[in-house]
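Beneath this line is the structure, given in structure tokens, with notes to follow.
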Amino acid sequence: MITIRLTTWVNAPVERCFLLATSRRFSPVIRNDVTPQDPQRKEFLQCGDLIEWKLGGSEHASRIDVIRPYSYFREVMTAGMFRHFEHDHHFAPMDDGTRMRDEIRFSMRMGPMGKVFGTTVLRAMLMRMLITKNTDLKHVAESSEWKSLIETDVLPSDTVIIPETSSRVPNMQRFA
């Protein structure tokens with residue numbers, strides 16, 4: 001299994017970064033090849049949606065497996081040249097903005113020959129593609145361009161709004 005990790009710091013709120021990353025209108029790597037299962041769905045990716053993209057000359061299809069609004073979503077391969085492919089997208093609010101962390105895990109077909117090809121060539125191609133995507137997202141999130149891509153009052157349909165609670169917890173017990 002080959003693993004690629006990339007962390008990107010963005011000087012923007014975590015909600016904006018997450019909404020841009022899951023927006024159907026903003027997709028610097030996929031280049032508008034996002035194909036929702038239901039065309040009536042909202043403008044944001046949701047669980048079960050299919051994403052199709054190309055790497056080199058090969059086509060790849062992933063399904064959105066898990067979405068936790070504003071913190072995490074995962075793509076899992078449904079078709080393509082890999083034996084196994086998962087891409088985890090993590091978003092964490094920080095004092096100075098947002099930390100986006102990507103982790104891609106993949107393995108190749110073709111036995112030892114595929115492992116060498118994956119380690120040398122594909123790893124570099126995927127890293128370059130990931131850096132390009134994150135750089136584009138960072139640029140849009142930190143400028144005013146994001147306003148044309150996502151509406152300020154839009155939330156993904158599976159977002160749960162939790163009411164604020166008081167900061168004091170009554171009947172707190174101490175455990176030794």
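In this structure, a donor-acceptor pair under 3.5 Å is absent between the side chains of Ser58 and His60.
In terms of heavy atoms, Tyr72 sits closest to Val66 at CE2-CG1, 3.9 Å. Scanning both residues, Leu149 and Ser23, for their nearest heavy atoms gives O-OG, 4.1 Å. The two residues Arg123 and Ile4 have their closest heavy-atom pair at O-CD1, 3.7 Å. The two residues Trp53 and Glu75 come nearest to each other via the heavy atoms NE1-OE1, 4.2 Å. Taking both residues in full, the closest heavy atoms of Phe91 and Ala21 are given as CZ-CB, 3.6 Å, listed atom of the first, atom of the second, then distance. What you find for Ala61 and Glu52 is that their closest heavy atoms are CB-CG, 4.2 Å.
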*Verify side-chain contact (heavy atoms from CB on, under 4.5 Å) between Met100 and Lys138, making sure each step is shown before the conclusion.*
CA-CA 10 Å; Met100 295 189 321; Lys138 178 180 173 70; 5.7 Å; no
*Show the numbers, then the answer: is there a side-chain contact (heavy atoms from CB on, under 4.5 Å) between Leu19 and Trp146?*
CA-CA 10 Å; Leu19 290 175; Trp146 68 272; over 6 Å; no
*Evaluate salt bridge (Lys or Arg N to Asp or Glu O under 4.0 Å) for Asp88 paired with Arg105, printing each intermediate quantity in order.*
CA-CA 9 Å; Asp88 294 327; Arg105 293 175 303 282; 2.9 Å; yes
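In the hydrophobic cluster analysis, where Ile, Leu, Val, Met, Phe, Trp and Tyr join through side-chain heavy atoms closer than 4.5 angstrom, Val76 is grouped apart from Ile2. Linking ILVMFWY side-chain heavy atoms closer than 4.5 Å, directly or via other members, places Phe85 and Val121 in a single hydrophobic cluster.
Remark: side-chain polar atoms of Thr98 are paired, donor with acceptor, to backbone N or O of Ala12 under 3.5 angstrom. Under the 3.5 Å distance criterion, the side-chain polar atoms of Thr119 are left unmatched by any main-chain donor or acceptor of Val116. Not one N or O on the side chain of Thr22 forms a donor-acceptor pair closer than 3.5 Å with the backbone of Leu45.
Atom CG of Leu130 and atom CD of Glu103 lie 11.0 Å apart (nearest 0.5 Å). Once rounded to the nearest 0.5 Å, the distance linking CE of Met1 with NE2 of His84 reads 4.0 Å. One finds the CG atom of Asp65 at 11.0 Å from the OG1 atom of Thr78 (value rounded to the nearest 0.5 Å). In this structure, NZ on Lys133 lies 7.5 Å from OG1 on Thr8, to the nearest 0.5 angstrom. Between atom OG1 of residue Thr120 and atom CE of residue Met125 there is a gap of 11.0 Å, rounded to the nearest 0.5 Å. With values rounded to the nearest 0.5 angstrom, Cys17 atom SG is found 9.0 Å from Asn11 atom CG.
For the pair Phe44/Ile150, a side-chain contact is recorded, criterion being any heavy-atom separation below 4.5 Å from C-beta on. Side chains of Arg16 and Val10 form no contact here, defined as non-hydrogen atoms less than 4.5 Å apart. By the 4.5 Å heavy-atom criterion applied to side chains, Leu122 and Met81 are counted as neighbours.
In Glu59, the CD atom is not crowded: 12 or fewer heavy atoms of neighbouring residues, nucleotides or ligands sit closer than 6.0 Å.
Taking the six-membered ring for Trp and thresholds of 30 and 60 degrees, Phe82 and Phe106 have ring planes more than 60 degrees apart, a perpendicular arrangement.
Applying ring pair (Phe, Tyr, Trp, His ring centres under 6.0 Å) to Phe73 and the options His87, His89, His90 leaves one that passes, His89.
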